[in-house]
4 protein chains.
Amino acid sequence: MTAAADGLAEARVGPSARREHILDAAEACFTRNGFHRTTMQDLAREAAMSPGNFYRYFESKEALVLGLVERERERGTLLVAEMEGSSDPRGTLLGLIARYFMSITREAAALRVEIWSESTRNPAIAAMTVQTEAESRDWFVATLSALATTPACDPAALYALLAPLMKGIVVSRAALPDYDVAGAVTQIHQLLHAGLDGRLPCPADARSPAGL
Amino acid sequence: MTAAADGLAEARVGPSARREHILDAAEACFTRNGFHRTTMQDLAREAAMSPGNFYRYFESKEALVLGLVERERERGTLLVAEMEGSSDPRGTLLGLIARYFMSITREAAALRVEIWSESTRNPAIAAMTVQTEAESRDWFVATLSALATTPACDPAALYALLAPLMKGIVVSRAALPDYDVAGAVTQIHQLLHAGLDGRLPCPADARSPAGL
Amino acid sequence: MTAAADGLAEARVGPSARREHILDAAEACFTRNGFHRTTMQDLAREAAMSPGNFYRYFESKEALVLGLVERERERGTLLVAEMEGSSDPRGTLLGLIARYFMSITREAAALRVEIWSESTRNPAIAAMTVQTEAESRDWFVATLSALATTPACDPAALYALLAPLMKGIVVSRAALPDYDVAGAVTQIHQLLHAGLDGRLPCPADARSPAGL
Amino acid sequence: MTAAADGLAEARVGPSARREHILDAAEACFTRNGFHRTTMQDLAREAAMSPGNFYRYFESKEALVLGLVERERERGTLLVAEMEGSSDPRGTLLGLIARYFMSITREAAALRVEIWSESTRNPAIAAMTVQTEAESRDWFVATLSALATTPACDPAALYALLAPLMKGIVVSRAALPDYDVAGAVTQIHQLLHAGLDGRLPCPADARSPAGL
DNA sequence: CATGAATGAGGCTTCATTCAT
DNA sequence: GATGAATGAAGCCTCATTCAT
């Protein structure tokens with residue numbers, strides 16, 4: 001490659017492409033080793049880039065994590081677009097959920113757990129977690145509403161059940177080597193069917209928590 | 001106990017009492033700041049003890065974490081003894097669960113999440129997590145079996161639902177400042193009632209996960 | 001060399017130059033205080049370098065010692081090149097030996113002894129000591145063979161006498177403030193002359209060690 | 001054992017016996033691991049004694065080393081008494097030397113080297129080394145004088161050869177796993193015979209060291 | 001823009017020594 | 001006399017970050 005072409009090649013790569021490249025490297029490293037165990041040197045090797053250069057695109061290592069979480073959030077938004085104009089929306093939703101859990105690796109799950117953990121000590125990441133949760137909730141409630149076959153279905157309550165359940169599945173996937181993900185997916189499916197068809201105990205039935 | 005004996009009691013703190021004292025300090029620090037952010041100096045301050053002294057009771061900082069998890073596990077075993085000989089076993093179970101979730105602080109939940117996270121990178125902690133999970137599962141399945149009012153209740157399946165759900169509630173408690181724990185407890189209660197009374201969709205109904 | 005080039009030369013110190021610089025500092029510190037008493041901070045001061053920077057060039061403090069020993073070994077190899085094509089080989093050999101012992105400082109001798117001592121506990125240094133010894137032996141035997149004036153000279157036996165003698169002189173130089181190095185050199189010279197000229201008792205004369 | 005007997009047993013063990021016991025333990029530990037690698041805890045275990053108790057008998061760890069060296073020196077004095085009134089003094093001397101070198105373990109040799117090394121940094125140990133050397137020299141010169149068969153034998157010169165040679169053998173024994181001690185002993189024997197019988201090059205022949 | 005050598009604060013751990021009992 | 005728990009000063013090393021080139 002000539003110097004001129006080289007220059008062009010460099011010109012072609014905008015700052016946002018650089019950011020993406022760095023985030024790719026970060027994702028690879030963080031997934032492999034977690035971000036506490038990943039050093040900026042590791043990142044530099046993975047990104048084929050000097051350590052100092054990161055700081056032109058991200059303020060700090062923490063900002064990198066933040067960028068990664070942010071990108072993940074955006075990807076979630078995109079992923080979910082699959083629902084649009086599906087002829088079998090309920091099947092599509094179930095498929096989406098199944099695919100997510102069946103394809104997540106232990107390492108990826110571990111990174112999610114690590115991020116939740118970091119969330120509890122780091123306000124910036126916490127904010128992002130809260131926002132992701134809110135978006136997730138909004139989307140789910142809207143989607144569930146559209147899929148309900150009976151007014152007896154309470155989409156908000158269904159989500160309130162689903163949300164921790166899904167988080168817990170990720171934790172289990174990460175921390176328990178023999179965890180049965182497929183079984184968990186099956187249970188979510190059943191729960192969703194039941195919930196959407198109004199066959200789940202209603203929050204209206206609730207007695208306030210006893211034993212306190 | 002006489003005053004003299006009392007004095008002796010204070011002086012003759014056995015090694016296990018020392019360990020407890022250290023674990024208390026560790027619990028306080030780790031709960032407050034997480035164990036990655038807790039230094040041995042912090043611990044020393046909290047335990048009113050010189051840093052070097054820890055190493056008479058624990059091999060390393062990691063061993064301290066391990067000791068803490070182990071103690072937590074034992075406490076779980078004790079906690080659960082409450083069920084023995086209760087006149088209202090189902091109510092007692094519900095109460096136990098309610099109390100656990102209603103009383104857990106954000107920080108304590110955060111520590112649990114951090115431990116799960118550490119579990120994914122640290123074999124020793126992983127082993128402990130797996131063991132705790134196995135014990136938890138055994139106890140729950142036995143207890144649920146005893147509480148079922150119909151053969152249609154599948155205790156193993158019910159626990160398979162409960163386990164990630166409870167983990168997810170801990171995660172939510174830790175990572176979402178406004179998380180509605182009480183609501184979650186109510187839902188667990190309903191789920192338990194439904195499950196024990198055979199009103200939950202059976203795993204027998206399962207279609208294999210679709211969408212892959 | 002232009003001023004600009006000079007500037008570049010100062011700036012572009014290759015990694016091996018850095019290593020040399022560090023080894024120089026290490027040699028100074030270790031010679032002054034021994035390496036057990038030398039801290040990485042001492043080294044940092046001596047090398048005008050931050051402590052962390054050493055670890056870009058050497059894996060550990062031990063590796064530093066190793067590097068120093070290795071360099072010493074290479075220097076020995078170079079030193080010995082002086083023999084090549086000398087018109088008075090025997091004189092050159094005697095001169096070499098004389099120079100070595102007359103110029104070694106107490107501190108330098110002390111460092112050698114410390115390295116031998118370390119050799120007994122540290123496998124990596126032991127390996128290097130063994131290798132140095134083997135090389136030294138090979139060179140000496142070859143050189144003595146070339147210098148012998150009679151087949152009655154047994155170069156291997158002569159080296160077997162010389163080797164511990166020289167080590168012992170180093171020890172004496174290090175541990176005995178008033179040790180007479182010049183006298184020792186004289187004795188080595190005499191021994192060498194006698195050995196090379198076949199005037200030393202032959203190992204063939206040996207009775208096996210008595211008194212056991 | 002009754003309390004009274006216990007008290008008697010304790011009384012029977014004088015402070016100097018205690019010192020011996022401690023030195024025994026120190027010798028065992030130091031020989032096994034060197035004294036830099038031996039902790040006071042190791043010593044305590046070996047001596048079946050509390051760490052604090054050492055300080056009633058020795059000022060510091062260094063004093064322990066010193067005590068050990070001192071005892072070694074005294075033992076040397078005793079060892080040498082064997083020469084007194086022997087019917088075959090030369091054979092006895094050769095036997096003494098042979099026995100010393102053939103029976104010394106690598107570890108014991110290593111400890112000697114470590115002590116020489118320490119000698120170079122520690123004035124108290126240095127003083128002891130110097131004194132030992134002086135005593136050794138006096139004894140050897142006297143003994144060699146008595147054994148000489150010709151006035152051509154220069155006992156002082158012979159010792160000046162012997163002394164570093166023997167030190168070097170100890171170093172070699174310590175640092176070179178395959179070192180041939182028996183061969184070295186044979187050479188010392190030959191050298192002694194030659195020296196005592198005036199068949200060794202005289203220092204009178206010496207030219208001053210060349211090559212400087 | 002990019003580099004990568006350098007920084008330096010701070011972490012975990014060790015261990016000779018002390019002192020209350 | 002004896003104990004052994006406790007001390008606390010260092011020591012080695014790591015790694016996010018900077019900055020001269």
Side-chain angles (χ1 to χ4, degrees), chain A residues 7 10-11 13 15 18 35-45 48-64, chain B residues 7-8 10-15 18 36-44 47-64, chain C residues 7-8 10-15 18 36-44 47-64, chain D residues 7 10-11 13 15 18 35-45 48-64:
Chain A
E10 270 189 10
V13 191
R18 278 281 198 246
F35 53 78
H36 275 132
R37 286 174 153 78
T38 297
T39 71
M40 296 304 271
Q41 285 295 342
D42 294 338
L43 241 43
R45 245 187 314 276
M49 194 180 269
S50 71
N53 203 21
F54 290 124
Y55 293 83
R56 299 191 54 79
Y57 299 97
F58 294 90
E59 274 218 338
S60 64
K61 193 186 179 188
E62 181 201 323
L64 254 160
Chain B
L8 280 177
E10 267 191 13
R12 293 228 184 115
V13 263
R18 241 33 180 154
H36 277 133
R37 289 173 152 78
T38 297
T39 72
M40 295 307 273
Q41 287 294 345
D42 295 338
L43 239 43
M49 194 179 270
S50 70
N53 202 23
F54 291 123
Y55 293 85
R56 294 184 50 81
Y57 301 96
F58 294 91
E59 277 219 337
S60 62
K61 192 185 178 188
E62 184 199 324
L64 250 161
Chain C
L8 279 176
E10 267 192 11
R12 295 232 182 112
V13 264
R18 248 13 185 170
H36 276 132
R37 287 172 154 77
T38 297
T39 72
M40 295 307 275
Q41 286 294 343
D42 295 338
L43 239 44
M49 196 178 267
S50 70
N53 202 25
F54 291 122
Y55 295 85
R56 294 184 52 79
Y57 301 97
F58 295 91
E59 276 218 338
S60 63
K61 192 186 178 187
E62 183 200 324
L64 250 161
Chain D
E10 270 187 11
V13 192
R18 277 283 197 245
F35 52 79
H36 275 132
R37 286 172 153 78
T38 297
T39 71
M40 297 303 272
Q41 285 295 342
D42 294 338
L43 241 42
R45 244 188 313 276
M49 193 179 270
S50 71
N53 204 22
F54 291 123
Y55 293 84
R56 299 190 53 79
Y57 300 96
F58 295 90
E59 274 219 337
S60 64
K61 193 185 179 188
E62 182 202 323
L64 253 160

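Just the heavy atoms: all of them, side chains too, but no hydrogens, waters or symmetry mates, feed the values below. Residue numbers start from 1 in every chain, and the chains themselves are labelled A, B, ... in the order their sequence lines are given, proteins ahead of strands.
- At whole-Å resolution of the value, CG in C:Leu43 and C1' in F:dC13 are 14 Å apart.
- Of the side-chain N and O atoms in D:Tyr55, none sit less than 4.0 angstrom from OP1 or OP2 of E:dC19.
- Candidate nucleotides F:dC15, E:dT7, F:dC12 were compared by shortest atom distance to the side chain of C:Met49, and E:dT7 ranks first.
- Here the closest non-hydrogen pair linking D:Lys61 and D:His36 is NZ-O, 4.2 Å.
- Rounded to an integer number of Å, the gap from D:Asp42 CG to E:dA16 C1' is 12 Å.
- Distances shown here put every side-chain N or O of A:Ser50 at or beyond 4.0 Å from the OP1 or OP2 atom of E:dG4.
- With values rounded to the nearest 0.5 angstrom, B:Gln41 atom CD is found 9.5 Å from B:Ser50 atom OG.
- Counting non-hydrogen atoms under 4.0 angstrom, A:Phe58 reaches nothing in the nucleic acid.
- Across the interface with DNA chain F, nearest-nucleotide mapping of C:Thr38 and A:Ser60 shows C:Thr38 to be the residue nearer the 5′ end.
- Between D:Arg56 and F:dG1 there is a side-chain polar atom (N or O) within less than 4.0 angstrom of OP1 or OP2.
- Comparing F:dT17, E:dC12, E:dA2 by their nearest atom to the side chain of A:Asn53 picks out E:dA2.
- Phosphate proximity of F:dA6 to B:Arg18: present, with a side-chain N or O under 4.0 Å from OP1 or OP2.
- What separates CZ of D:Phe54 from C1' of E:dT18 is a distance of 15 Å, to the nearest Å.
- Under the Watson-Crick or G-U wobble criterion, with both distances below 3.5 Å, E:dA9 is paired with F:dT14.
- When rounded to the nearest whole Å, the span between OH of C:Tyr57 and P of F:dC12 equals 20 Å.
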Item to complete: Evaluate the side chain to side chain contact (heavy atoms under 4.5 Å, CB included) criterion for residues A:Arg18 and A:Arg56: first the C-alpha distance (whole Å), next the side-chain angles of each, then the deciding distance (0.1 Å), finally the verdict.
Response: CA-CA 10 Å; A:Arg18 278 281 198 246; A:Arg56 299 191 54 79; over 6 Å; no
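- Nearest heavy atoms, B:Met40 versus B:Phe54: O-CE1, 3.7 Å.
- For D:Gln41 and E:dT17, the CD to P distance is 13 Å, given to the nearest whole Å.
- Judged by closest nucleotide on DNA chain E, C:Gly52 is the one of C:Gly52 and B:Pro51 placed further toward the 5' end.
- D:His36 places its NE2 atom 12 Å from the P atom of E:dC15, with the value rounded to the nearest Å.
- Contact annotation for C:Met40: backbone-only contact, meaning every heavy-atom pair under 4.0 Å involves sugar-phosphate atoms and none involves a base.
- Here B:Leu64 contributes atom CG and B:Tyr55 contributes atom OH; the two are 8.0 Å apart, rounded to the nearest 0.5 Å.
- Across all strands shown, E:dT3 forms a Watson-Crick or G-U wobble pair, both distances under 3.5 Å, with F:dA20.
- Among the nucleotides E:dG4, F:dC13, E:dT13, the one closest to any side-chain atom of C:Lys61 is F:dC13.
- Spacing between F:dT21 and E:dC1 at atom C1', rounded to whole Å, works out to 13 Å.
- Nearest heavy-atom pair across B:Pro51 and B:Ala44 is N-CB, 3.9 Å.
- For the pair C:Glu62 CD and F:dG11 C1', the interatomic distance rounds to 16 Å; values are reported in whole Å.
- Note: CD (B:Glu59) to C1' (E:dT14) measures 13 Å, nearest angstrom.
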